[in-house]
Amino acid sequence: MSEPGKKQKIKPQTLRGFRDFLPDQMMAREQLIDIARSVYRSYGFAPIDTPALEYAEVLLGKGGEESDKQVFRFTDQGERDVAMRFDLTVPLARFAAQYVQELGIPFRRYHIAPVWRGERPARGRFREFMQCDFDTIGTLSNSADIETLFVINDLLEKIGIERFTIRVNNRKVLNGLLEKCGLQEHAVSILRSLDKLDKIGRDAVQAEMQEKAGIPAEGAARVLDMAQLKGKPSDVLSALDGMLAGSATGELGLANLRELFTSVDRCGWPEGRVILDVAIARGLDYYTGTIYETILGDLPEIGSVCSGGRYDNLAELFTSQQLPGVGASLGLDRMLAALEELGRTKKATTPAPVLVTMFESGRVADYLQMGRMLRMAGIGAEVYPEAKNIGKQMKYADRRGFRLCLIAGENEFAAGQWQIKDLTRGTQISVATLEVAAEISKILLAQE
RNA sequence: GUGGCUAUAGCUCAGUUGGUUAGAGCGCCAGAUUGUGGUUCUGGAAGUCGCCGGUUCGAACCCGGUUAGCCACCCCA
């Protein structure tokens, strides 16, 4: 069947749920990651990394059978039962248990890395995706919870989002409420239903609570009445005060929230930046205190772009040492999808602002030297590799989004000059070779 | 995991009740313009119609399977 001279080619294709990223997408991703990194570092979070592959027993059995089914798992060439990490929290637990002696507590780390889940892909859901976690472990102090909120705020501000709302709640408050209603043994099920309030509405949630948790209608209604308290944080807190009197857990959660909002009041943030929403619960069973969700003002339907919370004992499966913690995670893919939808992504596919064009093929050393001079001055520069006609090279520069072009032929070399062409404005000036770097710095600065 | 929809050029899509040589726009490459991008004009390359099989004289079109994508559930540590 095969024609002579035509070899059978392998079909280039990516695995279901896995993605390639082209330069324009990757530039946007790296830009976001750079922002996250710098914000995390500004609070003293230190970077760590862990292997993609772990012993299966380290990863499995942490979130029930359903979640275990989503783990990529296989036997390696040495007959070991291994699995790919499906989040960064379980590896952190193992890591903390293993190194707590040399790390010391409290310990703050950030971890930006891919994770893998064998889920069915859907919009914004992939089998390989990036998580950008930051956590403070080894302290029960509410101060860490408050700073977690600050980090989330800074992150969104630095990304350039003007309108967003961080919704805060506390699991202890929810548990206190359930305790007062005598429903605490159904907590997990009730909270899972409650979390859907935004999505499916009050009636559906109430029905689900009755059905799945098996609680009476009055109980479900009472929980919903309390969870739907709205208004100024101070008013909601006062209202809750009465409802929670006598529940030690509830009162503690309330005190933490009160302290948090006292700090928020001093931040001078726009009205509505941080709200108390008693209805948010987050699906995860392991949260035990403060919980966070971040909603974009211009794109609420996309869901939370940065969420997290406090947990009591991160590493209990690995060590008897108690390691409480609090942290959150930026949903990189969701945030990118949002920025794209808001038209906030740039078009450039080059990270360097300057293209040095090549005109005289006998002068390669001069062009390369100009590239080096610019880089030594801290200016990113690409030297076009062939002495093609200048129009071609400018077209290349234009398409990649370079801001400036450098041009020199025999005339310029004879005069010791270079032409600097500004692609954005269409202007062109002639500058002495030694002045080029300084002049370009000036132009780029003026364009900022 | 369940159900539904979709798959034609690099991208977005058209393609008559099944009929001979599968088209458009955009993009790409080349030329007009071996010293100046974006605009314009001219030309060109590029498709086993996702893949495998079936029905038929004949399949991009009908049928079955499969892979991938999208949507809704389930789930989301």
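By convention in this document, chain letters (A, B, ...) are assigned in the order of the sequence lines, proteins followed by strands, and residues within each chain are numbered from 1. Quick note: numbers below take in every heavy atom, side chains included, and nothing from hydrogens, waters or symmetry partners. These numbers come from a predicted model, not from an experiment.
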Check the orientation of A/F95 and A/F107. Use parallel for under 30°, tilted for 30 to 60°, and perpendicular for over 60°. parallel
Could you run down the sub-3.5 Å N/O contacts of the protein with nucleotides 2-7 of chain B?
unit_1: B/U2; atom_1: O4; unit_2: A/R120; atom_2: NH1; d: 2.9
unit_1: B/G3; atom_1: O6; unit_2: A/R120; atom_2: NH2; d: 3.3

Closer than 4.0 Å, any side-chain N/O of A/R117 to the OP1 or OP2 of B/C76? no
Below 30° counts as parallel, above 60° as perpendicular, anything between as tilted: where do the rings of A/Y287 and A/Y311 land? tilted
Can you sort out the partners of A/N389 under side-chain contact (heavy atoms from CB on, under 4.5 Å), two or more places apart, ordered by chain and number? A/K392
Neighbour count above 12 (heavy atom, 6.0 Å) for A/F74 CZ: yes
Ignoring hydrogens and angles, answer whether the base of B/C75 and the side-chain atoms of A/R125 contain a donor-acceptor pair closer than 3.5 Å. yes
Lys NZ or Arg CZ of A/R117 over A/F86 ring: under 6.0 Å, within 45°: no
Going by side chain to side chain donor-acceptor pair (under 3.5 Å), name the pairs with one or both residues in residues 373-384 of chain A, residues two or more places apart or in two chains. A/E382-A/Y396
Intra- and inter-strand pairing of RNA chain B, written as dot-bracket with Watson-Crick and G-U pairs under 3.5 Å and | for the latter, reads (((((((..((((.....[...)))).(((((.......))))).....(((((..]....))))))))))))....
Quick one: which residue pairs count as a side chain to side chain donor-acceptor pair (under 3.5 Å) with a foot in residues 80-98 of chain A, not counting sequence neighbours? A/T50-A/R85, A/E54-A/R94, A/R73-A/D81, A/D76-A/R80, A/R94-A/Q98
From the list B/A30, B/G69, B/C75, which nucleotide is the closest neighbour of the side chain of A/K388? B/A30
Pairwise N/O distances under 3.5 Å, protein to nucleotides 35-38 of chain B:
unit_1: B/G35; atom_1: O6; unit_2: A/N411; atom_2: N; d: 3.4
unit_1: B/G35; atom_1: O6; unit_2: A/N411; atom_2: ND2; d: 3.3
unit_1: B/G35; atom_1: O6; unit_2: A/E412; atom_2: OE1; d: 3.3
unit_1: B/G35; atom_1: N1; unit_2: A/E412; atom_2: OE1; d: 2.7
unit_1: B/G35; atom_1: N1; unit_2: A/E412; atom_2: OE2; d: 3.1
unit_1: B/G35; atom_1: N2; unit_2: A/E412; atom_2: OE2; d: 2.7
unit_1: B/U36; atom_1: O2; unit_2: A/K421; atom_2: NZ; d: 3.2
unit_1: B/U36; atom_1: O2; unit_2: A/Q428; atom_2: OE1; d: 3.2
unit_1: B/U36; atom_1: N3; unit_2: A/Q428; atom_2: OE1; d: 3.0
unit_1: B/U36; atom_1: N3; unit_2: A/Q428; atom_2: NE2; d: 3.0
unit_1: B/U36; atom_1: O4; unit_2: A/Q428; atom_2: NE2; d: 2.8
unit_1: B/G37; atom_1: N7; unit_2: A/K421; atom_2: NZ; d: 3.2
unit_1: B/G37; atom_1: N1; unit_2: A/L423; atom_2: O; d: 2.5
unit_1: B/G37; atom_1: N2; unit_2: A/D398; atom_2: OD1; d: 2.8
unit_1: B/G37; atom_1: N2; unit_2: A/L423; atom_2: O; d: 2.7
unit_1: B/G37; atom_1: N3; unit_2: A/D398; atom_2: OD1; d: 3.4
unit_1: B/G38; atom_1: O4'; unit_2: A/D398; atom_2: OD2; d: 3.1

May I ask you to check whether over 12 heavy atoms, not counting those of A/R372, lie within 6.0 Å of atom CZ? no
